Colleague: 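Mind having a look at this structure? Questions to follow.
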Amino acid sequence: MNAPLPLTVAREAAGAYDRVASVTNDIAGKLAQRLAKETQGEVLFSPADRGRYATDASIYQETPVGVFVPRVAEDIRLALDICRDLKVPIVPRGGGTSQCGQTVGAGLVIDCSKHVRGILEVDAANRTAVVEPGLVLDHLNAALKQHGLWYPVDVSTSAQATLGGMAGNNSCGSRSIAWGNMVHNVLGIDAWTADGQLHRFGKFDEAAGFVRGIGEQVRQMAGDLAPDIDAMWPKVLRRVAGYNLDVFRNQNPKPYTADGSVNLAHLLVGSEGTLAVTRSLKLQLAPLPRAKVLGVVNFPTFYKAMDTAQHIVRLGEGTLTAVELVDRTMIELSLQNPAFAPIVRGAVIGQPDAVLLVEFSGPEKAPLVKHLDRLVQLMGDLGLPGSVVRLEDDGAQKALWEVRKAGLNIMMSLKGDGKPVSFIEDCAVPLEHLAEYTDALTQVFRKHGSRGTWYAHASVGTLHVRPILDMRQGGAPKMRAIAEEASALVRKYRGAYSGEHGDGLCRGEWIQWQFGPRITEAFARIKDLFDPQHLLCPRRIVDAPRMDDTRLMRFPPSYKVIPLQPALDWRGWDVQNDPSTEKTTRPGTGGDPAHGYAKAVEMCNNNGHCRKFDAGTMCPSYRVTRDEKHLTRGRANTLRLALSGQLGPQGITNPEVRDAMDLCVSCKGCKRDCPTGVDMAKMKVEFLHHWHARHGWTLKDKLVARLPDYARHAARIAPLLNLRNRVPLLARLGEKMLGFSARRRLPEWRADHFFRERPATASRDQVLAAAKPVVLFVDTFNGHFESENARAALALLQAAGYTVHVATKANDDGGHLCCGRTYLATGQVDEARRKAREVVEALSPFAERGIAIVGLEPSCLLSLRDEHLSLGLGAPAQKIAAHALLLEEFLARELDAGRLDELKAKLRPVTRKILVHGHCHQKAFDAVSPVLKLLKLIPGAQPELVESSCCGMAGAFGYEAAHHDVSMAMAELSLLPAVRNAPDAIVVADGTSCRHQIRDGAGREAVHAAVLLARQLPAA
Ligand SMILES: Cc1cc2nc3c(=O)[nH]c(=O)nc-3n(C[C@H](O)[C@H](O)[C@H](O)COP(=O)(O)OP(=O)(O)OC[C@H]3O[C@@H](n4cnc5c(N)ncnc54)[C@H](O)[C@@H]3O)c2cc1C
Ligand code: SF4
Ligand code: SF4
């Protein structure tokens, strides 16, 4: 069994020193206490906190002593002083997206990304900016846009990567052929050395004191080692290993500075936190390219593509900004995706073995088009006439870049214990050898029973490739064997073994191999000059451990999962794969003691993609808290640690898991956006099931869950129950006794609800025999609380000429048909299954006949397509899922089939602006565009989609007193401001919770799309 993490909570460490010290070592307790007392930062020492910071996007895991989240930059210095006193190592961290274990370490992890992220200065005239280390690249570039500038080191993780982390790793973007790496674009760094002194690292000529002294000594070393440097140092743009000793004897094809001077900040770039802790960075900005064109070159063989890259990079006269490879596997994966297939088809000719995306950028389009002409000509000269697809339109280019990204994501979503592992994923070789190198490495993979999918930066000879290895079973020795053969190839072709993602735990031991003993010794001396006590990231770059030390791995051979009987069906994840064909075994055969749940959780590879801030849907709780704990990645890590016993014997029912799950609003943003398909909403249902099975359900949980069952009885005493919304004392009592926020109005009960005053509609037999049949599934919320929506939907369908049957239970017991959502939301899976079974019984005959089952409330209807398939209800549930549609999805489909002319002709025009807010589950199922499409049927309507993520209400979540503030904060991110900014607009929101949040937060009535459409029908 995996060893549990030893330390208990010290969050409020100031008063908790004794408690911490009694269960752990004295130093950790003192550290927690002093950090809490002497700084303003957050002190996170619980086992789960430490576990969440024990990993990054690499295969490694090492548990830190604790985690510190500085509130202001000065906190970092204070933490440095405390750590020095107590001799505790420090691991600085940004987004934690490193692929080689750079942020994994046993000391105090300092997370700069939450608070220390300001833009301190922008000098547009001189094109420079000064920023704090925790600032995310995309946020910097968003702020620079108004100046027509950007920071051009465009790493793929631009939405998560911090400038401090990028400098730490000497990161490189897709367009490095034009702009170089971080080292080429950093002008200065202010940083604390381990002794707590703040120094300015900039031009060597201008340096004084300590910095000058260091500069002198490094210059001396570079001079002494000149023959070694000349002989051993890789002469490629993409070399990021070791320290940049060559600032004094440049080996990089692109000079580090424009004027040839030496900049001592460049010693810190790529030092991976081992030399100093960055306080701020001065960056060289670039003009934002105004025009771009893209040529997609199609190759009959991968070899030919690789061989041609060296010729293509000579084109463009300085305007060539990218040559990116996409291989056949990725093309095929993209073609399997219905959204991407048309884009890919438009860019490929026949069935190419590989394509190169060749981009030219500049101030104007016309000259770039000429470069595209030359590309076409070049390909003709090289024997490939007609191989280039020209994309001059910006939208088309953007769409294709998106596909390239998504292709990689699909590759990463391989189920089973074998995963594409990064350890030789960024070797860089000179372009003239690229074809031979990739060919030889492919043979190496084959020899070891694996294969690699190739992609990325052909322009600079850095191709990403990850062979599939099972680290639990023989992965480590295979990794070493492949690494050794790959390194021999790198040496043969005089390349760089570490060409983009850094050294970390994965490539540190290869530094000596790359540079020889004398330069390696010089690196050790540089480390000693900066950090004689080895306080900063010890055993990284200098004296690094072996890459295949399984004690440092997340999934060592000893990794075990606590047996668990899940309530939902996770067998689809319980598989193994064949590393050479990527074919997976049958569901349920993967050997997971948690029957697939653990393997589903382990799909999170920590890439940090969920640390997103744009108005997409993933992950709203992180966006409002910026806490790792409230991030999809943090939750998946917490679950993984718990399921594998690393948080203690309670396994999944550990309170730390409950805390991490608490703010998950089950929006399914991750289900849609997570590259590896982590579906935390579903995982939360499973967790809640086990948690409540052990701890019981509260009265509030029961009231929420059973609402569909008691609703018809409660409706009879509607005026009495509604008093709660009118008498503040009752609301306060409700908060105290049940936990519903007194600051919220609860949905109003009504006696005249849809189910009681049900309009006459077609019977089961009539709809089964009808020419234009449809079944309307009316959920609890629209049926009981907002009956006008259900009536509007009915009117609309009838006006469009459909024979409508309102779904009822097969065995009528007086209650309405319910999807079981409220039971799922409280983890009562067995009850939910009972409800779902009723749905299956009632709707199967219609699904069998291919009749559409149409619903109004996204979270209810879409559970027929989602959660119901995990309840073990077999083929009938699948059949129903195939025919379950939201009202707008159904009508949009009918529109496309030319069957809505009747309805279209009836709709009266609208003059007001229409704002549309998509429900999270609509977004997760790509069901928002049908809403817009339908609304556009109304003459004069120009519906505008609000760029919003979760409204924050999320079922009962926002009604709970404990969640009120977080709920409102989520709504304030984008939805409520957008509504307020359009005071005259009609607001359309299909989710019942969303409508309530809009009313509570902006004081505006939002309507279901069905209501707006029905209003435009002539009065009957
Ligand atoms: C899917 C994926 C795609 C990627 N694509 C690219 C790519 O295109 N190009 C590329 O170069 N990399 C890429 N990477 C690697 C990684 O995203 C980048 O290196 C990124 O710049 C790291 O940023 P971060 O904020 O996550 O840094 P972290 O991983 O948190 O830290 C990186 C290093 O910087 C140090 N550090 C952080 N803050 C400080 C500080 N204040 N003072 C001193 N040292 C500090 C850390 O100790 C660590 O050594 C990719 C990673 C993934 C998972
Ligand atoms: S949850 Fe998904 S997006 Fe987030 S880190 Fe894990 S794999 Fe990446
Ligand atoms: S379901 Fe939503 S809130 Fe929960 S982890 Fe996923 S994105 Fe975050």
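These figures come from a predicted structure and were not determined experimentally. Along the sequence shown, residues are numbered consecutively beginning with 1.
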Colleague: Under 3.5 Å, side chain of D627 to main-chain N/O of K629, donor-acceptor pair present?
Modeller: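 Judged by distance alone, no pair lies under 3.5 Å.
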
Colleague: Is there a side-chain contact between R672 and M618 (heavy atoms, below 4.5 Å)?
Modeller: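 Contact flag for R672/M618 side chains = no.
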
Colleague: Determine yes or no for a side-chain-to-main-chain donor-acceptor pair under 3.5 angstrom, with D701 supplying the side chain and W697 the backbone.
Modeller: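 Here the side-chain-to-backbone pair does not exist.
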
Colleague: Under a 3.5 Å distance rule, please check whether H996 uses its side chain to pair with a backbone N or O of R745 as donor and acceptor.
Modeller: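 No; judged by distance alone, with no hydrogens or angles, the pair does not exist.
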
Colleague: Hey, are K700 and E735 close enough for a salt bridge, meaning a charged N less than 4.0 Å from a carboxylate O?
Modeller: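 Looking at K700 and E735, the cut-off is not met.
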
Colleague: Looking only at heavy atoms, what is the nearest atom pair of F687 and R658, with distance?
Modeller: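 Scanning both residues completely, I find the closest heavy atoms to be CZ-CA, 3.4 Å.
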
Colleague: For the pair N725 (side chain) and L746 (backbone), establish whether a donor and an acceptor sit closer than 3.5 Å, ignoring hydrogens and angles.
Modeller: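 Flag set: sc N725 to bb L746 pair under 3.5 Å.
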
Colleague: What do the steps show when you test E888 against K933 for salt bridge (Lys or Arg N to Asp or Glu O under 4.0 Å), and what is the final call?
Modeller: CA-CA 8 Å; E888 297 91 332; K933 190 170 186 169; over 6 Å; no

Colleague: Assess the residue pair H963 and V665 against the criterion (side-chain contact (heavy atoms from CB on, under 4.5 Å)); give the C-alpha distance rounded to whole Å, side-chain angles, the decisive distance to 0.1 Å, and a yes or no.
Modeller: CA-CA 10 Å; H963 294 143; V665 286; over 6 Å; no

Colleague: Does A852 have any side-chain contact (heavy atoms from CB on, under 4.5 Å) partners at least two apart in sequence or in another chain, and if so, which?
Modeller: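 So A852 forms a side-chain contact (heavy atoms from CB on, under 4.5 Å) with V774, V854, L885, F890, R893.
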
Colleague: Are any of the side-chain heavy atoms of L935 and V988 separated by less than 4.5 Å?
Modeller: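 Yes, side chains in contact.
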
Colleague: Distance only, no hydrogens: is a donor on one side chain within 3.5 Å (strictly under) of an acceptor on the other, for Q997 and S967?
Modeller: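 Checked: Q997/S967 side chains pair up, N/O donor to acceptor below 3.5 Å.
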
Colleague: Among residues two or more places apart or on two chains, list those pairs meeting side chain to side chain donor-acceptor pair (under 3.5 Å) that have a residue in residues 711-720.
Modeller: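 The answer is H713-R716.
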
Colleague: Please report the C-alpha distance between S621 and R635 in whole Å, then the side-chain angles of each, then the deciding distance to 0.1 Å, and finally whether the side-chain hydrogen bond (donor to acceptor under 3.5 Å, both in side chains) criterion is met.
Modeller: CA-CA 11 Å; S621 54; R635 293 185 178 114; 2.8 Å; yes

Colleague: With D394, which residues qualify under salt bridge (Lys or Arg N to Asp or Glu O under 4.0 Å), at least two apart?
Modeller: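 Partners of D394 under the salt bridge (Lys or Arg N to Asp or Glu O under 4.0 Å) test: K365.
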
Colleague: Can you confirm whether V122 sits close enough to L144 that some side-chain heavy atom of one is under 4.5 Å from a side-chain heavy atom of the other?
Modeller: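 Yes - at least one pair of side-chain heavy atoms lies under 4.5 Å apart.
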
Colleague: Could you tell me whether the side chain of R744 and the main chain of G958 form a donor-acceptor pair under 3.5 Å?
Modeller: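 Indeed, once roles are kept as given, a pair shorter than 3.5 Å links the two residues.
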
Colleague: Indicate the ring-plane relationship of H784 and H753, choosing parallel, tilted or perpendicular according to the 30° and 60° boundaries.
Modeller: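 Plane angle between 30° and 60°, so tilted.
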
Colleague: Residues two or more places apart in sequence or in another chain: which of them pass side-chain contact (heavy atoms from CB on, under 4.5 Å) with K906?
Modeller: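 Applying side-chain contact (heavy atoms from CB on, under 4.5 Å) to K906 gives A799, E902, L1017, P1018.
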
Colleague: Which residue pairs satisfy the side chain to side chain donor-acceptor pair (under 3.5 Å) criterion with at least one member in residues 136-149, sequence neighbours excluded?
Modeller: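 Residue pairs passing side chain to side chain donor-acceptor pair (under 3.5 Å), neighbours aside: D138-S158.
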
Colleague: Please name all residues satisfying side chain to side chain donor-acceptor pair (under 3.5 Å) with H964, sequence neighbours left out, ordered by chain then number.
Modeller: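 By the side chain to side chain donor-acceptor pair (under 3.5 Å) rule, H964 matches R743.
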
Colleague: Could you check if a side-chain atom of L862 sits within less than 4.5 angstrom of a side-chain atom of H919, using non-hydrogen atoms only?
Modeller: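 Contact flag for L862/H919 side chains = no.
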
Colleague: Can you name the residues that form a salt bridge (Lys or Arg N to Asp or Glu O under 4.0 Å) with R750, not counting sequence neighbours?
Modeller: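 Per chain and number, R750 pairs via salt bridge (Lys or Arg N to Asp or Glu O under 4.0 Å) with D752, E788.
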
Colleague: Could you pull out all residues at least two apart from E628 that satisfy salt bridge (Lys or Arg N to Asp or Glu O under 4.0 Å)?
Modeller: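 Counting only residues at least two positions away or on another chain, E628 forms a salt bridge (Lys or Arg N to Asp or Glu O under 4.0 Å) with R611, R633.
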
Colleague: Do S113 and R626 have side-chain N/O donor and acceptor atoms under 3.5 Å apart?
Modeller: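 Side-chain D/A pair, S113 to R626: absent.
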
Colleague: So H1008 and E857, side-chain hydrogen bond (donor to acceptor under 3.5 Å, both in side chains) or not? Walk me through it.
Modeller: CA-CA 9 Å; H1008 194 287; E857 171 58 34; over 6 Å; no

Colleague: Any side-chain to backbone donor/acceptor pair from R995 onto A989? Under 3.5 Å, distance only.
Modeller: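 Such a contact is found between R995 side chain and A989 backbone.
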
Colleague: Going by salt bridge (Lys or Arg N to Asp or Glu O under 4.0 Å), name the residues that satisfy it together with R117, two or more places apart in sequence or in a different chain.
Modeller: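 Result, salt bridge (Lys or Arg N to Asp or Glu O under 4.0 Å) vs R117: none returned.
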
Colleague: Do the non-hydrogen side-chain atoms of E894 and E889 ever get within less than 4.5 Å of each other?
Modeller: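 They are not in contact (no side-chain heavy atoms under 4.5 Å apart), so the answer is no.
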
Colleague: Are any of the side-chain heavy atoms of L900 and L937 separated by less than 4.5 Å?
Modeller: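 They are in side-chain contact.
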
Colleague: Does some side-chain heavy atom of E1005 sit less than 4.5 Å from a side-chain heavy atom of V987?
Modeller: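 SC-SC contact between V987 and E1005 ruled out.
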
Colleague: Short question: side chain of R1004, backbone of V979 - any donor-acceptor pair under 3.5 Å?
Modeller: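 Yes, because the side chain of R1004 sits within donor-acceptor range (under 3.5 Å) of the backbone of V979.
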
Colleague: Applying side-chain contact (heavy atoms from CB on, under 4.5 Å), can you list everything that pairs with D709, at least two apart in sequence or on another chain?
Modeller: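 Only Y823, R834, K835 meet the side-chain contact (heavy atoms from CB on, under 4.5 Å) criterion with D709.
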
Colleague: Looking at T162 and G134, would you say the former's side chain and the latter's main chain have a donor-acceptor pair under 3.5 Å?
Modeller: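 Such a contact is absent between T162 side chain and G134 backbone.
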
Colleague: Taking ring pair (Phe, Tyr, Trp, His ring centres under 6.0 Å) as the test, write out the residues that go with H917, two or more places apart.
Modeller: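 Listed in chain order: nothing, the list is empty.
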
Colleague: Does any N or O in the side chain of K684 come within less than 3.5 Å of the main-chain N or O of C664, such that one atom is a donor and the other an acceptor?
Modeller: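 Present.
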
Colleague: Side chains of E132 and H115: do they bring a donor and an acceptor to under 3.5 Å?
Modeller: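 No - no donor-acceptor pair under 3.5 Å links their side chains.
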
Colleague: Using the salt bridge (charged side-chain N to carboxylate O under 4.0 Å, His left out) rule, pick out the option among R821, K682, K668 that qualifies with D866.
Modeller: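 Result: among R821, K682, K668, K668 is the only option passing the salt bridge (charged side-chain N to carboxylate O under 4.0 Å, His left out) with D866.
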
Colleague: Under 3.5 Å, side chain of Q1016 to main-chain N/O of P909, donor-acceptor pair present?
Modeller: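 Yes, the answer is positive, given that a donor and an acceptor are paired below the 3.5 Å cut-off.
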
Colleague: Taking the side chain as C-beta and beyond, is there a heavy-atom pair between H816 and V778 under 4.5 Å?
Modeller: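 A side-chain contact under 4.5 Å is absent here.
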
Colleague: Have a look at F785 and tell me which of W749, F755, F754 forms a ring pair (Phe, Tyr, Trp, His ring centres under 6.0 Å) with it.
Modeller: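 Running ring pair (Phe, Tyr, Trp, His ring centres under 6.0 Å) over W749, F755, F754 with F785 returns exactly one hit, W749.
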
Colleague: From the options T992, N789, D990, select the one residue that forms a side-chain hydrogen bond (donor to acceptor under 3.5 Å, both in side chains) with N782.
Modeller: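 Of the listed residues T992, N789, D990, the side-chain hydrogen bond (donor to acceptor under 3.5 Å, both in side chains) partner of N782 is N789.
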
Colleague: List for me each residue that meets side-chain contact (heavy atoms from CB on, under 4.5 Å) alongside S929, sequence neighbours excluded, and say none if there are none.
Modeller: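 With neighbours one apart ignored, the set is empty.
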
